[in-house]
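Written below as structure tokens is the structure these notes are about.
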Amino acid sequence: MRILVLNAGSSSIKTRLLELPEGVTIAKALVEKIGEPMGRIVIDTAGGRSQIELPIEDHREGLATLLRVLGEDDVSQIHQVPIRAVGHRVVHGGERFVASTLVDTEVLAAITATIPLAPLHNPSNLVCIQAMMELLPDVPQVAVFDTAFHHTIPEKAYLYALPYPLYQQRRVRRYGFHGTSHRYVAQVAAQW
């Protein structure tokens with residue numbers, strides 16, 4: 001089964017096309033300089049590295065171009081072996097998301113509500129999810145939240161020494177970040 005994993009930043013998208021359950025990387029790509037006069041897409045496959053320079057207006061255009069280019073690549077064979085799921089790294093899940101979640105309209109609304117907590121990252125994450133829902137409408141989209149790993153932080157540790165209404169009204173607290181990396185490191189360390 002092939003899955004596409006996306007990690008959207010404010011002006012870039014890192015991707016991997018994986019074959020599961022083996023975990024083999026079929027292709028990895030970087031879409032960068034989104035919104036600048038000249039953007040770039042770099043794709044690495046077993047056949048080597050290719051690079052395209054072109055204007056990339058926004059994240060949606062970058063993803064559409066990437067899917068087209070991957071489809072033209074003989075190694076990735078994206079159209080002969082279709083993508084069965086898309087995973088999205090989402091920086092902030094607020095207090096609601098404590099695990100990876102299948103995306104639906106309710107999840108999209110909840111991610112939108114967390115934009116004030118991660119204004120540089122969650123808007124790009126949201127645009128990529130919506131774009132992939134349009135580009136691959138029959139493919140399940142899954143959001144993986146960086147903050148989910150840290151959801152067990154006790155209240156005494158996550159509250160700041162600030163007036164309590166800041167937490168009550170604006171959810172100002174420690175959430176913990178880079179949870180996907182922490183989870184990976186913890187799993188590897190546990191195997192030793």
Side-chain angles (χ1 to χ4, degrees), residues 2-19 23-79 81-94 97 100 103 107-108 111-137 139-148 175 177-184:
R2 291 215 172 148
I3 65 164
L4 182 65
V5 179
L6 303 176
N7 179 356
S10 58
S11 64
S12 67
I13 309 165
K14 296 175 186 170
T15 70
R16 283 197 188 249
L17 180 61
L18 300 167
E19 184 72 42
V24 175
T25 297
I26 303 301
K28 69 178 184 176
L30 173 64
V31 181
E32 61 183 348
K33 299 183 180 182
I34 296 170
E36 294 185 22
M38 190 57 67
R40 178 174 44 214
I41 299 177
V42 179
I43 300 173
D44 291 306
T45 66
R49 174 173 278 196
S50 59
Q51 180 173 306
I52 306 164
E53 293 198 12
L54 71 166
I56 303 170
E57 186 176 325
D58 56 25
H59 285 73
R60 187 193 187 291
E61 183 179 328
L63 287 172
T65 304
L66 175 64
L67 288 178
R68 188 189 82 241
V69 171
L70 281 175
E72 294 167 354
D73 184 286
D74 290 335
V75 176
S76 64
Q77 301 172 1
I78 198 169
H79 297 300
V81 181
I83 294 170
R84 296 288 183 213
V86 179
H88 300 268
R89 173 189 172 250
V90 179
V91 169
H92 214 303
F97 296 106
S100 300
V103 176
V107 171
L108 289 173
I111 294 170
T112 301
T114 63
I115 287 175
L117 298 172
L120 292 177
H121 294 90
N122 273 25
S124 301
N125 299 152
L126 191 59
V127 167
C128 284
I129 293 169
Q130 292 168 327
M132 292 307 294
M133 291 174 86
E134 293 171 18
L135 294 165
L136 299 174
V139 174
Q141 309 289 317
V142 176
V144 179
F145 299 92
D146 262 358
T147 52
Y175 286 93
F177 292 103
H178 306 286
T180 53
S181 293
H182 286 285
R183 179 175 38 230
Y184 173 76

Short question: side chain of Asn125, backbone of Ala8 - any donor-acceptor pair under 3.5 Å?
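The answer is yes, because a donor-acceptor pair under 3.5 Å joins these two groups.
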
Using a 3.5 Å distance criterion without hydrogens, assess whether the side chain of Glu53 forms a donor-acceptor pair with backbone atoms of Gln51.
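No; judged by distance alone, with no hydrogens or angles, the pair does not exist.
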
Which residues satisfy the salt bridge (charged side-chain N to carboxylate O under 4.0 Å, His left out) test with [X], sequence neighbours excluded?
| X | result |
| --- | --- |
| Glu36 | none |
| Glu61 | none |
| Glu19 | Arg2 |

CG-CD1 distance between Leu18 and Ile83, expressed to the nearest 0.5 angstrom
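Reported value, rounded in 0.5 Å steps: 10.5 Å.
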
Please step through side-chain contact (heavy atoms from CB on, under 4.5 Å) for the pair Ile13 and Leu66, ending with a clear verdict.
CA-CA 10 Å; Ile13 309 165; Leu66 175 64; 5.9 Å; no

Within a strict 4.5 Å, meaning less than it, do heavy atoms of the [X] and [Y] side chains meet?
| X | Y | answer |
| --- | --- | --- |
| Thr65 | Ile56 | no |
| Val91 | Leu117 | no |
| Leu6 | His88 | yes |
| Val107 | Gln141 | no |
| Leu70 | Thr15 | no |
| Pro55 | Met38 | yes |

Output every pair passing side chain to side chain donor-acceptor pair (under 3.5 Å) with a member in residues 113-124, not counting sequence neighbours, ordered by first then second residue.
Thr114-Asn122

Nearest heavy-atom pair of Val86 and Met132: which atoms, and what distance?
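Closest approach of Val86 to Met132, heavy atoms only: CG2-CE, 4.0 Å.
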
Which atom pair, heavy atoms only, marks the closest approach of Leu135 to Ala64?
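The answer is CD1-N, 3.8 Å.
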
Could you tell me which residues satisfy side chain to side chain contact (heavy atoms under 4.5 Å, CB included) with Glu134, sequence neighbours excluded, listed by chain and number?
Arg60

Per-pair distances, 0.1 Å, donor-acceptor, side chain in residues 177-184, under 3.5 Å, sequence neighbours excluded:
{"unit_1": "Thr180", "atom_1": "OG1", "unit_2": "Asp146", "atom_2": "OD1", "d": "2.9"}

